[in-house]
Every structure is written in C-alpha cells, then in structure tokens.
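From a predicted model like this one, the values you see are computed outputs, not experimental measurements. Positions are given from 1 along the sequence.
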Amino acid sequence: MFRARFLTLTPRQRQVFELVVRGKQNKQIAHQLGATVRTIKAHRHDVMEKMEARSLAELLIAAERLSFLSAHAAPRSTPDEASTG
C-alpha cells in the first residue's frame with residue numbers, strides 16, 4: 001500500500017519526501033534543492049496528498065513502514081562519542 005503510493009511520487013517529490021521525513025524545514029529544503037520556499041510547500045502538499053497522509057506523523061509512519069528511515073539513516077554519534085572525539 002505505502003510502496004504503491006510512494007511510486008506515484010515524481011523524482012523531485014521523492015527528494016522532498018526524504019528531506020521532510022528527516023526533519024528538515026521548508027526553508028532548509030528550498031536552500032538545499034535550489035528552489036523557493038513556495039515551490040517546496042507545493043511539493044510537500046503534493047507528497048502529503050499522494051501518500052494520503054493527513055499529518056507529518058502519518059507521513060513518518062509511511063516512511064517507517066517503507067523502511068525508508070532505517071535504510072537511509074546516516075550513522076549518528078552518541079553524546080559520549082562526540083565529547084571524546
């Protein structure tokens with residue numbers, strides 16, 4: 001179900017999806033992708049609609065069920081590792 005919805009996203013919408021579920025704000029996404037905030041808001045709206053998510057929480061659930069967050073997660077340092085480095 002989520003996979004079929006995800007496959008309807010355009011490549012740009014997939015980029016926005018990835019950045020949104022990583023916690024980026026519209027302004028940050030716009031800067032990273034070289035677009036305007038207004039354009040990102042439109043893409044984000046389309047992503048929410050195509051994924052049938054009524055909230056960011058529902059979008060995160062979809063990302064988790066797609067194994068998107070765990071499959072694309074960057075390694076994080078723990079506070080102990082950060083202080084010893």
Worksheet entry | hydrophobic_cluster_shared for L60 and F6, side chain cutoff 4.5 Å | yes
Response to the item:
Residues A63 and V21: closest non-hydrogen pair is CB-CG1, 3.8 Å
Worksheet item: Do other residues, nucleotides or ligands put more than 12 heavy atoms under 6.0 Å from Q25 CD?
Response: no
Worksheet item: So, for A62 and M51, which heavy atoms are closest and what is the spacing to 0.1 Å?
Response: CB-CE, 3.8 Å
Worksheet item: Is there a path of hydrophobic side-chain contacts, each under 4.5 Å between heavy atoms of I, L, V, M, F, W or Y residues, that connects V47 with V37?
Response: no
Worksheet item: Do any N or O atoms from the side chain of E58 and from the backbone of R54 form a donor-acceptor pair under 3.5 angstrom?
Response: yes
Discussion item. For residues L66 and I61: do they belong to one hydrophobic cluster (side chain heavy atoms under 4.5 Å, members Ile, Leu, Val, Met, Phe, Trp, Tyr)?
Written reply: no
Worksheet item: Q15 versus E18: any side-chain heavy-atom pair under 4.5 Å?
Response: no
Worksheet item: For the atom pair CZ (R44) and NZ (K24), what is the distance rounded to the nearest 0.5 Å?
Response: 13.0 Å
Worksheet item: Can you list every side chain to side chain donor-acceptor pair (under 3.5 Å) pair that touches residues 29-40, not counting sequence neighbours?
Response: T36-T39
Worksheet entry | Shortest non-hydrogen contact from R12 toward A35 | NH2-CB, 4.5 Å
Worksheet entry | L59 side chain reached by V20 side chain, heavy atoms, under 4.5 Å | yes
Response to the item:
Here the gap from L19 atom CG to I40 atom CD1, rounded to the nearest 0.5 Å, amounts to 8.0 Å
Discussion item. Taking the side chain as everything from C-beta on, heavy atoms only, tell me whether L33 gets closer than 4.5 Å to V16.
Written reply: yes
Practice prompt. List in chain and number order the residues that pass side chain to side chain contact (heavy atoms under 4.5 Å, CB included) with T8, two or more places apart in sequence or in another chain; answer none if no residue qualifies.
Written response: K50
Worksheet entry | Test salt bridge (Lys or Arg N to Asp or Glu O under 4.0 Å) applied to R5 - qualifying residues, sequence neighbours left out | E52
Worksheet item: If only atom types and distance count, is the side chain of R14 paired as donor or acceptor with the main-chain N or O of L7 below 3.5 Å?
Response: yes
